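Here is the structure we will look at, set down as structure tokens.
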Amino acid sequence: MTAQRPTSIEIVEVGPRDGLQNDSRHLSTDAKVEMIRRLAGAGLRRIEAASFVNPKRVPQMADAEAVLARVVGLPGVSVSGLVLNERGFERALAAALREISFVAVATDTMAARNQGTTARGLVETWAGLATRAERAGLFRSVTIAVAFGCPFEGEVPLDRVIEIARALAESGVDEISLADTIGVATPRAVEERFAALAEAVPGLPMRAHFHNTRNTGYANADAALRSGVTVLDASLGGLGGCPFAPGATGNIATEDLVSMLERDRVATGVSPASLRDATLWLEGEMGRRLPGHGAHVTPWPAVLAA
């Protein structure tokens, strides 16, 4: 059974990492820093700014340390980075981050393509990092990728997702997320999987990550909120995609998500007007219109006063 929507939620902005990592347009370090500063200025308090990956595999993230050196410490903002292995974890510590994210994968084929290992191997990797991260005082957010469907193996059994979630929680996490990496989830599937997750790891904060590949991302976000999720990922302009998942397109757009939530009286603490300005600025940097709609429609009168 689904619950009522919460009165307020937290949005994690993933545009500087997940939004840019798969794009053919490579932003300069200065532009990435400006993007993050604009997002912080709009009221976003958790921003995933970079990933610690091999630059040969994801060249868009080659300047991770240079970006982080200029944005870690922004007032009131938790800047995070994506860690995939021990080397990435060491880089996160050196960058003085206070929050990290880690990705486990629900299928072996995707795990091999994305991280060169197996689903079990990633759970074991996290087991080796979790205590170290806790001792370092890091907030630990772990995402289960392809939790609703895999581009290589198709449907992903719910039991497999829950088994991984339990193993991750046993090692230690502060928040656990289910990701619809390729945009195949439906509201019913979202309700079922988060209900099962809440039962499997009771009391653990739940986060959701949706791609809008089949235009169901916002319906899925609403279903997640009705299922006990308190944190949603979004990307400015709807940028995004996974370099190792064929057919994956952009995330749900931050400006569109905020507009929907604010109209439904779910507080986000984020300024729609500032997001509109930031999206238009980003489109100039990217040299094209982005998938989000909010920057290209007439602002509703309530938005003008935001």
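All residue numbers in this chain count up from 1 along the given sequence. All values derive from a computational prediction rather than experimental measurement.
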**OP:** Answer yes if Ile252 and Val12 sit in the same cluster of Ile, Leu, Val, Met, Phe, Trp and Tyr residues linked by side chain heavy atoms under 4.5 Å apart, and no otherwise.
**Re:** no
Original post:
Do Leu282 and Leu239 have side chains that get closer than 4.5 Å, going by heavy atoms?
Top reply: yes
Original post:
Less than 4.0 Å between a side-chain N and a carboxylate O, is that true for Glu34 and Arg38?
Top reply: yes
**OP:** Could you tell me which residues satisfy ring-ring contact (aromatic ring centres under 6.0 Å, His included) with Phe52, sequence neighbours excluded, listed by chain and number?
**Re:** none
**OP:** Measure from the side-chain N and O atoms of Asn212 to the backbone N and O of Gly217, and report whether any donor-acceptor pair falls under 3.5 Å.
**Re:** yes
**OP:** Could you please spell out the steps behind the side chain to side chain donor-acceptor pair (under 3.5 Å) verdict for Asn251 and Asp233?
**Re:** CA-CA 8 Å; Asn251 298 271; Asp233 289 1; over 6 Å; no
Subject >> Rounded distance (nearest 0.5 Å) linking atom CG of Leu261 with atom CD1 of Ile9 >> reply: 5.0 Å
**OP:** Only counting residues at least two apart or in another chain, list the ones meeting ring-ring contact (aromatic ring centres under 6.0 Å, His included) with Trp281.
**Re:** none
**OP:** Quick one: which residue pairs count as a salt bridge (Lys or Arg N to Asp or Glu O under 4.0 Å) with a foot in residues 128-145, not counting sequence neighbours?
**Re:** Glu86-Arg132, Glu90-Arg132, Arg140-Asp174
Original post:
Shared ILVMFWY cluster between Val270 and Val14, side chains joined below 4.5 angstrom?
Top reply: no
Original post:
Relative to the ring of Phe102, is the ring of Trp126 parallel (under 30°), tilted (30 to 60°) or perpendicular (over 60°)?
Top reply: tilted
Please output the side-chain donor-acceptor pairs of residues 155-165 that fall under 3.5 Å, not counting sequence neighbours, one pair per line with the distance.
| from | atom 1 | to | atom 2 | distance (Å) |
| --- | --- | --- | --- | --- |
| Arg160 | NH1 | Ala106 | O | 3.3 |

Original post:
Ser177 side chain to Thr143 main-chain N or O, any donor-acceptor pair under 3.5 Å?
Top reply: no
**OP:** Begin from the C-alpha positions of Thr230 and Glu10 and carry the test side chain to side chain donor-acceptor pair (under 3.5 Å) through to its verdict.
**Re:** CA-CA 6 Å; Thr230 56; Glu10 188 170 47; over 6 Å; no
**OP:** With sequence neighbours left out, write down each residue that passes side-chain hydrogen bond (donor to acceptor under 3.5 Å, both in side chains) with Arg37, or none if nothing qualifies.
**Re:** none
Subject >> For Thr254, all residues meeting side-chain hydrogen bond (donor to acceptor under 3.5 Å, both in side chains), sequence neighbours excluded >> reply: Glu13
**OP:** Please check if the side chain of Glu255 supplies one atom and the backbone of Gly237 the other of a donor-acceptor pair under 3.5 Å.
**Re:** yes
Subject >> Ion pair check, Glu65 and Arg91, cut-off under 4.0 Å >> reply: yes
Original post:
How many angstroms lie between CG in Asn85 and OG1 in Thr117, if you round to the nearest 0.5 Å?
Top reply: 10.5 Å
Original post:
Sequence neighbours excluded, which residues qualify as side-chain hydrogen bond (donor to acceptor under 3.5 Å, both in side chains) partners of Arg87?
Top reply: none
Original post:
What residue pairs, at least two apart or across chains, pass side-chain hydrogen bond (donor to acceptor under 3.5 Å, both in side chains) with a residue in residues 103-112?
Top reply: Thr109-Glu153
**OP:** Please list all pairs passing the salt bridge (Lys or Arg N to Asp or Glu O under 4.0 Å) test where one or both residues lie in residues 193-205, with sequence neighbours left out.
**Re:** none
Original post:
Does atom NE2 of His26 have more than 12 heavy-atom neighbours from other groups under 6.0 Å away?
Top reply: yes
Original post:
Could you give all pairs that pass the salt bridge (Lys or Arg N to Asp or Glu O under 4.0 Å) test and reach residues 280-289, with sequence neighbours left out?
Top reply: Asp23-Arg288
Subject >> Side chain Ser141, main chain Ser101, donor-acceptor under 3.5 Å >> reply: no
Subject >> Expected output: side-chain Ser274 to main-chain Ala42 donor-acceptor under 3.5 Å >> reply: no
Original post:
What residues form a side chain to side chain contact (heavy atoms under 4.5 Å, CB included) with Ala66, not counting sequence neighbours?
Top reply: Thr29, Asp63
**OP:** Give the C-alpha distance, both sets of side-chain angles, the deciding distance and a yes or no for side-chain contact (heavy atoms from CB on, under 4.5 Å) between Arg25 and Leu20.
**Re:** CA-CA 8 Å; Arg25 184 70 172 258; Leu20 297 178; over 6 Å; no
**OP:** Can you run down the side-chain hydrogen bond (donor to acceptor under 3.5 Å, both in side chains) pairs that involve residues 73-82, sequence neighbours left out, and say none if there aren't any?
**Re:** Ser78-Glu99
**OP:** Scan Val258, Leu44, Leu232 and name whichever one has a side chain to side chain contact (heavy atoms under 4.5 Å, CB included) with Thr268.
**Re:** Val258
Subject >> Leu178 side, atom CG; Asn220 side, atom CG - distance, nearest 0.5 Å >> reply: 12.0 Å
Original post:
According to a 4.5 Å side-chain heavy-atom criterion applied to Ile, Leu, Val, Met, Phe, Trp and Tyr, with indirect links allowed, do Leu122 and Leu129 form part of one hydrophobic cluster?
Top reply: yes
Subject >> Main-chain N/O of Gly121 paired to Thr118 side chain as donor or acceptor, under 3.5 Å >> reply: yes
